[in-house]
Amino acid sequence: MKISKQQAMGILRKTGILWALLILIIILSSVSPVFLTVRNFINIFRQASITSILAIGMTFVLLTGGIDLSVGSVTALAGVFAAYVGIADKGLPLAVCYVVAIGTGLICGLINGFGVAYIGFPAFIMTLGMMGIARGMAQVFTGGSPIFGVSDAFADIAGGVTFGIPNLVYYMLAIFVVAYIMLTKTLPGRRIYAIGGNSEAARLSGVNVKRYLVYVYGICGALAGLCGILMASRITSGNPIAATNYEMDAISAAVIGGVSMTGGSGSLLGTIVGAFILIVIQNGFDILGISPFYKQIVQGAIILFAVFIDLRSKKSK
Amino acid sequence: MGTFLQMHGIRKSFNGNEVLHSVDFEVQAGEVHALIGENGAGKSTLMKILMGVYPSDSGSVTVNGVQVNFHSPKDSANAGIAMVSQELCPILDMTVAENIFVGKEICRGGFVSKKRQNERAKEILATLGMTFPPDTLMRRLSISEMQMVEIAKNVSFGARLVIMDEPTSAITEKEVNRLFDVIKMLKQQGISIVYISHRLEELFQISDRITVLRDGNMIATVKTCDTSQDALISMMVGREISNIYPEATNAPKDDVCLAVENFSRRGEFEDISFSLHRGERLGIAGLIGAGRSELVQTIFGERLPDSGKLILNNREIRIKSPSDAIKLKIALITEDRKKYGLNLIGTVQDNLTSIIESNLCHYGFFDNAESIRLANKMIADLNIKVRSTKQLVGSLSGGNQQKIVLGKWLLSDIDIFIFDEPTRGIDVGAKNEIYKLINQLASEDKGVIIISSEMPELIGLSDRILVLHEGRLSGELAGNDISQENIMKLASGV
């Protein structure tokens, strides 16, 4: 098959972010023998799980042209609630913990969605408010100190290992597959892209835009709730300051992966690769013994670079 | 009078496709020179080269006998070339004077002097016969007045050649006449105008010469007095379009498909009643601001009426949202396709099947193959020029975009089509195809409502015309009573 230069450029542009990840892996492998080991890769996947799940929820919101700044705080709030009901002495079934965590996230998300769609708050403002409220509620509920004493079963949710792979990774893969199918193969997925592309045109084509926005923020919130229980399980406590700034990682992952901040374009595959780029850098820096402060600098630079490439390719069209 | 501008042998390629093939274009000082051609003929590329937005691949540009090489719009502005674009972008929350002096503020001791700007703006506006105060907020002006501000601003800063891109596409007949007076005034001052328009009849009122482009070639430059509309059309499309408004093939039926009774919405329209028959093409005429678009938007459920009722096929209905209207098989093809009709960053397929998406889902999964098949069918039926169903709609020409908007409604099962300015800003060939399509819909016994500010179009297309004046129904014309004069009389409330 002959491929023209233009087609080749197109393929390169679409998969560019994947190449960036590969190059990163090659560089880190060559400077550290520890990096390219099965153990470290399992570690990377574990580290990437929570960020990826949050980034998947964030991608839904970003695709509609919105943003959700509250996911980190909602994760913390859901986490402390989950840990509270998961205390060993209470002897409640694990299902209750899941329901409490995901329910907490879902409610926060639905409130965000309602505020954005029906009241008309800008997404940035609505979720900024929720960011403060959820974090504050987590602090008030715990009195500022973590909730300890969760049951072993609770700790196994995220801490356990099945077939040699951490449970967290299964959660990430399952969420990814479901979300990917939803976005690419179902009606709601197509509507989400249509709303982000031009919400007025979507509305005039018969799409109930407001209702979809509520759903989308609800999904993002529910995934943050799930991350809450996973997080609490992993650190075996409900910590009100857990997941601080995680919303920024989620947004960064999506943006690095090519999701447009104005909505309507981008893919979940890109988001996942974006999340892995962030985690691989962090992991590499840890292995090489570089201060985590540098990670922030590199992360900031990568975001600007990714968007710069995106802007250039749009201009050249 | 000498030659002010000479463009010679201009060539331009994008991604290896040559879109201008050695075009020559020349404008005399004090001349109104019309530039016409179908969408995609190369008019805007040629003008963008003149404005310094794109460099040309080869060829020369000479202004006042001096060869120039523009690298940016700033260069061309310094050489006295300015453009009033089709879509004006004023700063709505600033005053007229502030808009005029944006980037060239009059300062005193480091502070902007509003007083002096207002005085100066008043003088500038007066030169074109404009009387509104310079401290009016831009938001309060009509589109025509904004256009005048734009023209005044360019001329006052020394423009010797003003490019006007579709200046009459969004203004009323009366405002068109005022614009023409201003153009004549500029002409007397020796200022040249390049006038781009799809409305051929206007060119005979205002232009001295006409240059026709087709597919990137310069076909001819003719004196306006030596040519005719038919001759221009055949030069533009390269073939004869014998009758631009095709004859309807069958008469409207007797049964009413939609009746509107005592429809009112405060500040927009009042006590409107009319009925639409099966197979009828019902035109709605009126000046801008008469409430035409607001009326049809309310029928479509974009907003709720204060009072009145809708009767569809002899049954009273309530429409609370566009999705209600679509379920009842009513479509509104909106006037601003970019803003309200299309997802410009979506693909041709996404847009064409956006309304029927829910029917294309089986067990929750979207049937992509069927969607592509339907999209391809529409592309063939409507003769839409696209590379593939995956092409982004934003990269298509206006005529093809409009066909996509039509296509997405045609794919769904619609009984009543409401067209709001269906041919704004698209070329003659595409217009003709849309007219044929409207007639075809009527012949299939669909009800069609057409709003258009182009009177010949409305007259050529409609079986019956309702005229609105300031939100009220001022008359109804049918058969031989339909004429420009009668519509004008009713529309202006005389």
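Lettering of chains follows the sequences in order, A, B, ..., and the numbering in each one begins at 1.
Salt bridge absent: B:Arg303 and B:Glu294 never bring a charged side-chain N and a carboxylate O closer than 4.0 Å. Ion pair B:Lys339/A:Glu200 not flagged as a salt bridge, since none of the NZ, NE, NH1 or NH2 atoms sits closer than 4.0 Å to an Asp/Glu carboxylate oxygen.
The side-chain contact (heavy atoms from CB on, under 4.5 Å) test with B:Asp324 is passed by exactly one of B:Ile317, B:Ile330, B:Ile319: B:Ile319. A side-chain contact (heavy atoms from CB on, under 4.5 Å) with B:Lys329 is found for exactly one of B:Ile416, B:Asn313, B:Asp415, namely B:Asp415.
The most heavy-atom pairs under 4.5 Å with chain B, out of A:Ala201, A:Gly196, A:Ser199, come from A:Ala201. For the options A:Gly263, A:Gly264, A:Ser205, heavy-atom pairs under 4.5 Å to chain B are most numerous at A:Ser205. Ranked by heavy-atom pairs shorter than 4.5 Å toward chain B, the options A:Ile195, A:Ile181, A:Thr186, A:Val207 are led by A:Thr186. With chain A as partner, the option from B:Ser358, B:Ser354, B:Ser395 having the largest number of non-hydrogen pairs under 4.5 angstrom is B:Ser358. The choice from B:Leu360, B:Asp350, B:Val405, B:Asn351 that makes the most heavy-atom pairs within less than 4.5 Å of chain A is B:Asp350. Residue with the most contacts toward chain B among A:Ala194, A:Gly189, A:Gly206: A:Gly206 (heavy-atom pairs, distance under 4.5 Å).
Residue contact with chain A, scored on non-hydrogen atoms closer than 4.5 Å, involves the side chain of B:Thr353 exclusively. In this structure, the portion of B:Leu342 lying under 4.5 Å from any heavy atom of chain A is its backbone and not its side chain. Contacts between B:Ser412 and chain A at a heavy-atom distance below 4.5 Å are absent for every atom of the residue. Neither the backbone nor the side chain of B:Lys327 has a heavy atom closer than 4.5 Å to any heavy atom of chain A. If you measure heavy-atom distances from B:Ser321 to chain A, you find no contacts under 4.5 Å at all.
Defined by atom type and a distance below 3.5 Å, a donor-acceptor pair is present between the side-chain atoms of B:Asp420 and B:Ser293. Side-chain N/O atoms of A:Gln299 and A:Asp249 include a donor and acceptor closer than 3.5 Å.
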side-chain hydrogen bond (donor to acceptor under 3.5 Å, both in side chains) evaluation trace for B:Asn376 with B:Gln349: CA-CA 8 Å; B:Asn376 276 320; B:Gln349 180 202 348; over 6 Å; no

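Looking only at distances, no side-chain donor or acceptor of A:Ser70 sits under 3.5 Å from a matching main-chain atom of A:Met130.
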